A.B. asks: 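One structure is given below, represented as structure tokens, and several questions about it will come after.
This structure is a prediction, so every number in the text was calculated from the model and none was measured.
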Amino acid sequence: MEYARHDDDEIDLSQLLNHLIDGWYWIVGCVVAALVLAGAYLAMTTPQYETSFRATPAASSNFAGMNLLPGFSVSPQDAYTTLGNRLSSFQNFQDYVRSHREAFVIPEGASLGSLFTNRLDITGLTSEVNGSSELSLTYRYPEGESGHRILNGYVNATAEQVWAELKNRFARANQAKIAALNTRLQVGEDKLLAEREHRLFALDNAISTARALGIEAPTTPQEFGQLNPNKEVIYTSLSGDGLPLYFMGYKTLEAERETLKGKLHDGLSNGTLRNIREELEQRHQIADMLQNDSFYPLEEGVSEHPDERVVSVIERAYPQDEPVKPRPALVLALAVILGGMLGVFLVFMKAGLGAVLRQRRQA
């Protein structure tokens, strides 16, 4: 039984092999047809290329000039995140395409939204679990377009915007600090002025009292008592804080009052206000230099390349020699395999139909 079954198997395999040999033209024809279709596909399909840009957060020294003054700081991660967010913004990409329209190969009727979605991929906007960050931009472009130049240009243009934004943040923070210092200075001067006005009020009262008591020149309570033996004077206000002002005599007090009135608003200063004025002067100088783009600490030791100011570049985009799709070798190999499979299927189908027809004739 087993030997018979083995012989039947050998007969079946022989028949299958004979069918394949007899139907070789089906197999070859299908392979040729598949290759023709693959060639037509390759001829009709525009090759697509792919290039990438990679970067990590820049060194903290790039932002040393922005961290000179208290109250404001920029970290490498801040700049990295700002750049990544801008690069992933459709509005930002749209503005770049419109200002560099001649560099792009855009099919007729294609929208910028589909262009942004289908061509640009961005990863690394958030940190990994271990805290590391790597920004990666991949740009896919058709044949005839300088994709590497477009991607590098897009990153550089965006990096320039980010650097300008960081400088504007620094300038705005400096202006806000100037406004706060001006407020503190005004409050301090108002306080000193209020103290002087309070002194004037005290002098007016003391002058009136001195005139009423007839105290013309500076005196003491004892001397005042000897000069007025018939007057009973009780000093209930003496408490260790010094004598009442009216003992200075109204002439002295009037002289002080006139001097104080003449210089009421002059020389309003103390140690705190002097420090505020010094810081204000420094910050005004910085504001002027920022306005004239001459604040050298911002640019000192920083690369001239816009992208390297904001991030540390690992790899810039470069031209690609081989397209990512279609891949001719892969397409042709698949055509041969699929064409051969189709040919084998047709051979076996033809053989099966022939056997069925023969059985019906014999019946």
A.B. asks: Do you know which two heavy atoms are closest between Ala159 and Val310, and how far apart they sit?
C.D. replies: O-CG2, 3.6 Å

A.B. asks: Is the count of non-hydrogen atoms from other residues, nucleotides or ligands lying under 6.0 Å from Phe345 atom CZ greater than 12?
C.D. replies: no

A.B. asks: Among the clusters formed by ILVMFWY side chains lying less than 4.5 Å apart, do Leu87 and Ile314 turn up in the same one?
C.D. replies: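 Per the 4.5 Å side-chain linkage, Leu87 and Ile314 are not co-clustered.
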
A.B. asks: Does Met349 belong to the same Ile/Leu/Val/Met/Phe/Trp/Tyr cluster as Leu342, with side-chain heavy atoms less than 4.5 Å apart forming each link?
C.D. replies: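 Per the 4.5 Å side-chain linkage, Met349 and Leu342 are co-clustered.
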
A.B. asks: Considering residues at least two apart in sequence or located in another chain, which fulfil the side chain to side chain donor-acceptor pair (under 3.5 Å) criterion with Ser75?
C.D. replies: Asp78

A.B. asks: Just wondering, do Glu189 and Leu192 contact through their side chains at under 4.5 Å, heavy atoms?
C.D. replies: no

A.B. asks: For Arg199, check salt bridge (Lys or Arg N to Asp or Glu O under 4.0 Å) against everything at least two apart and list the hits.
C.D. replies: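 Expected list: Glu256.
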
A.B. asks: Looking just at side-chain N and O atoms, do Ser114 and Ser111 make a donor-acceptor pair shorter than 3.5 Å?
C.D. replies: yes

A.B. asks: For residues Glu160 and Asn156, is any side-chain donor paired with an opposing acceptor at under 3.5 Å?
C.D. replies: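 No, no side-chain donor-acceptor contact under 3.5 Å.
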
A.B. asks: Identify each donor-acceptor pair in which a side-chain atom of residues 260-272 lies under 3.5 Å from a protein atom, sequence neighbours left out, and give them as a table.
C.D. replies:
residue: Ser269; atom: OG; partner: Arg277; partner atom: NH1; Å: 3.2
residue: Asn270; atom: OD1; partner: Thr272; partner atom: N; Å: 3.2
residue: Asn270; atom: OD1; partner: Leu273; partner atom: N; Å: 2.8

A.B. asks: Say you draw a straight line from OG1 of Thr252 to OH of Tyr246; how long is it, rounded to the nearest 0.5 Å?
C.D. replies: 15.5 Å

A.B. asks: When rounded to the nearest 0.5 angstrom, what is the spacing between CD1 in Ile150 and OH in Tyr139?
C.D. replies: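 These two atoms lie 4.0 Å from each other.
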
A.B. asks: Ala79 and Val162: which non-hydrogen atoms are nearest, and at how many Å?
C.D. replies: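 Here Ala79 and Val162 meet closest at O-CG1, 4.2 Å.
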
A.B. asks: Closest approach of Ala34 and Ala335, non-hydrogen atoms and distance?
C.D. replies: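 What the structure gives for the nearest pair is CB-O, 3.2 Å.
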
A.B. asks: Under a 4.5 Å side-chain heavy-atom rule over Ile, Leu, Val, Met, Phe, Trp and Tyr, are Leu245 and Leu213 clustered together?
C.D. replies: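 The answer is no; the residues belong to distinct hydrophobic clusters.
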
A.B. asks: Please examine the side chains of Leu346 and Ile27, heavy atoms only from C-beta on, and report whether any two atoms are closer than 4.5 Å.
C.D. replies: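 A side-chain contact is absent here, since even the closest heavy-atom pair is not under 4.5 Å.
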
A.B. asks: Between Val336 and Leu332, is a side-chain contact (heavy atoms from CB on, under 4.5 Å) present by the stated rule, with each step listed?
C.D. replies: CA-CA 6 Å; Val336 171; Leu332 294 176; 5.6 Å; no

A.B. asks: Does the side chain of Thr209 come within less than 4.5 Å of Pro244's, by heavy atoms?
C.D. replies: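 Heavy-atom side-chain distance check fails, nothing below 4.5 Å.
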
A.B. asks: Return each pair, listed once, that meets salt bridge (Lys or Arg N to Asp or Glu O under 4.0 Å) where at least one residue sits in residues 53-63; pairs must be two or more places apart or across chains.
C.D. replies: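 Checked against salt bridge (Lys or Arg N to Asp or Glu O under 4.0 Å) - neighbours excluded - the pairs reaching residues 53-63 are Arg54-Glu134, Arg54-Glu315.
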
A.B. asks: Quick check on Glu102: does its CD atom have over 12 non-hydrogen neighbours (other residues, nucleotides or ligands) under 6.0 Å away?
C.D. replies: yes

A.B. asks: Roughly how far apart are Ser133 OG and Gln77 CD, rounded to 0.5 Å?
C.D. replies: 4.0 Å

A.B. asks: Might you point out which heavy atoms bring Asn62 and Ala58 nearest each other, and give the distance in Å?
C.D. replies: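 Minimum heavy-atom separation between Asn62 and Ala58: ND2-CB, 3.7 Å.
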
A.B. asks: Looking at CD1 of Ile215 and CD1 of Ile207, how far apart are the two atoms once the value is rounded to the nearest 0.5 Å?
C.D. replies: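 If I round to the nearest 0.5 Å, the distance is 12.5 Å.
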
A.B. asks: What salt bridge (Lys or Arg N to Asp or Glu O under 4.0 Å) pairs are there with at least one residue in residues 114-126, not counting sequence neighbours?
C.D. replies: Arg119-Glu145, Asp121-Arg140

A.B. asks: For Leu334, what are the other residues in its hydrophobic cluster, where any two members join if their side-chain heavy atoms are less than 4.5 angstrom apart?
C.D. replies: Leu330

A.B. asks: Flag the pair Glu165 and Arg86 as a salt bridge only when some basic side-chain nitrogen lies within less than 4.0 angstrom of an acidic carboxylate oxygen.
C.D. replies: yes

A.B. asks: Which pair of non-hydrogen atoms, one from Ala206 and one from Leu253, has the smallest distance, and what is that distance?
C.D. replies: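 Ala206 and Leu253 have their closest heavy atoms at CB-CD1, 3.6 Å.
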
A.B. asks: Quick one: are the ring centres of His100 and Phe104 less than 6.0 Å apart?
C.D. replies: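 No: the rings miss the under 6.0 Å criterion.
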
A.B. asks: So, do Leu115 and Leu112 sit near enough that their side-chain heavy atoms are less than 4.5 Å apart?
C.D. replies: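 Contact flag for Leu115/Leu112 side chains = yes.
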
A.B. asks: Using atom types as modelled, flag every donor-acceptor pair under 3.5 Å from a side chain in residues 176-184 to any protein atom, sequence neighbours excluded.
C.D. replies:
residue: Asn182; atom: ND2; partner: Ile178; partner atom: O; Å: 3.2
residue: Thr183; atom: OG1; partner: Ala179; partner atom: O; Å: 3.0

A.B. asks: Membership question, hydrophobic clusters at under 4.5 Å side-chain separation (ILVMFWY): are Val31 and Met341 in the same one?
C.D. replies: no

A.B. asks: Below 4.5 Å, heavy atoms only, C-beta onward: do Met66 and Phe72 meet side chain to side chain?
C.D. replies: yes

A.B. asks: Phe247 and Leu203: same hydrophobic cluster, using ILVMFWY side-chain contacts below 4.5 Å?
C.D. replies: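 Phe247 and Leu203: separate clusters.
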
A.B. asks: Under 3.5 Å, sequence neighbours excluded: what are the donor-acceptor pairs made by side chains of residues 282-290?
C.D. replies:
residue: Arg283; atom: NE; partner: Glu279; partner atom: OE2; Å: 3.2
residue: Arg283; atom: NH1; partner: Asn174; partner atom: OD1; Å: 2.9
residue: Arg283; atom: NH2; partner: Pro70; partner atom: O; Å: 3.3

A.B. asks: What do the steps show when you test Asn168 against Trp163 for side-chain contact (heavy atoms from CB on, under 4.5 Å), and what is the final call?
C.D. replies: CA-CA 9 Å; Asn168 288 335; Trp163 186 254; over 6 Å; no

A.B. asks: Verify, without hydrogens or angle tests, whether Ser303 (side chain) and His305 (backbone) share a donor-acceptor contact under 3.5 angstrom.
C.D. replies: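 Yes: the side chain of Ser303 pairs with the backbone of His305.
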
A.B. asks: Indicate the atoms forming the closest heavy-atom contact of Ala59 with Pro76, along with that distance.
C.D. replies: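 What the structure gives for the nearest pair is C-CG, 4.1 Å.
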
A.B. asks: Tell me, do Phe53 and Asn152 make a side-chain contact under 4.5 Å, heavy atoms counted?
C.D. replies: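 Side chain of Phe53 against side chain of Asn152, heavy atoms only: contact under 4.5 Å found.
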
A.B. asks: So do the side chains of Leu68 and Pro297 get within less than 4.5 Å of each other, counting heavy atoms only?
C.D. replies: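 SC-SC contact between Leu68 and Pro297 confirmed.
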
A.B. asks: For Asp204, enumerate each residue passing the salt bridge (Lys or Arg N to Asp or Glu O under 4.0 Å) test, keeping only those at least two apart in sequence or located in another chain.
C.D. replies: Arg257

A.B. asks: Using 0.5 Å steps for rounding, measure from the CG atom of Leu135 to the OG atom of Ser312.
C.D. replies: 12.0 Å

A.B. asks: For Tyr96 and Asn92, run side-chain contact (heavy atoms from CB on, under 4.5 Å): C-alpha distance rounded to whole Å, both residues' side-chain angles, the deciding distance at 0.1 Å, then the answer.
C.D. replies: CA-CA 6 Å; Tyr96 182 78; Asn92 185 59; 5.9 Å; no

A.B. asks: Output the distance between atom CD (Glu300) and atom CZ (Phe295), rounded to the nearest 0.5 Å.
C.D. replies: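 Nearest 0.5 Å value for the CD-CZ distance: 10.0 Å.
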
A.B. asks: Quick test of your reading of the model: are Lys325 and Glu50 salt-bridged, counting only N-O distances below 4.0 Å?
C.D. replies: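 Not counted as a salt bridge, because no side-chain N and carboxylate O are separated by less than 4.0 Å.
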
A.B. asks: Side chains of Arg309 and Glu299, heavy atoms from C-beta outward: is any pair under 4.5 Å?
C.D. replies: yes

A.B. asks: Taking everything shown except Glu304 itself, do over 12 heavy atoms lie less than 6.0 Å from its CD?
C.D. replies: no

A.B. asks: Residues in side chain to side chain donor-acceptor pair (under 3.5 Å) with Asp307, at least two apart?
C.D. replies: Arg316

A.B. asks: Could you walk me through whether Leu151 and Leu137 pass side-chain contact (heavy atoms from CB on, under 4.5 Å), step by step?
C.D. replies: CA-CA 8 Å; Leu151 184 56; Leu137 283 84; 4.1 Å; yes

A.B. asks: Return the set of residues passing ring pair (Phe, Tyr, Trp, His ring centres under 6.0 Å) with Tyr49 (not counting sequence neighbours), or none when no residue passes.
C.D. replies: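 Partners of Tyr49 by the ring pair (Phe, Tyr, Trp, His ring centres under 6.0 Å) criterion, ordered by chain and then number, come out as Tyr141.
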
A.B. asks: Who passes salt bridge (Lys or Arg N to Asp or Glu O under 4.0 Å) against Glu216, sequence neighbours left out?
C.D. replies: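 Only Lys251 meet the salt bridge (Lys or Arg N to Asp or Glu O under 4.0 Å) criterion with Glu216.
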
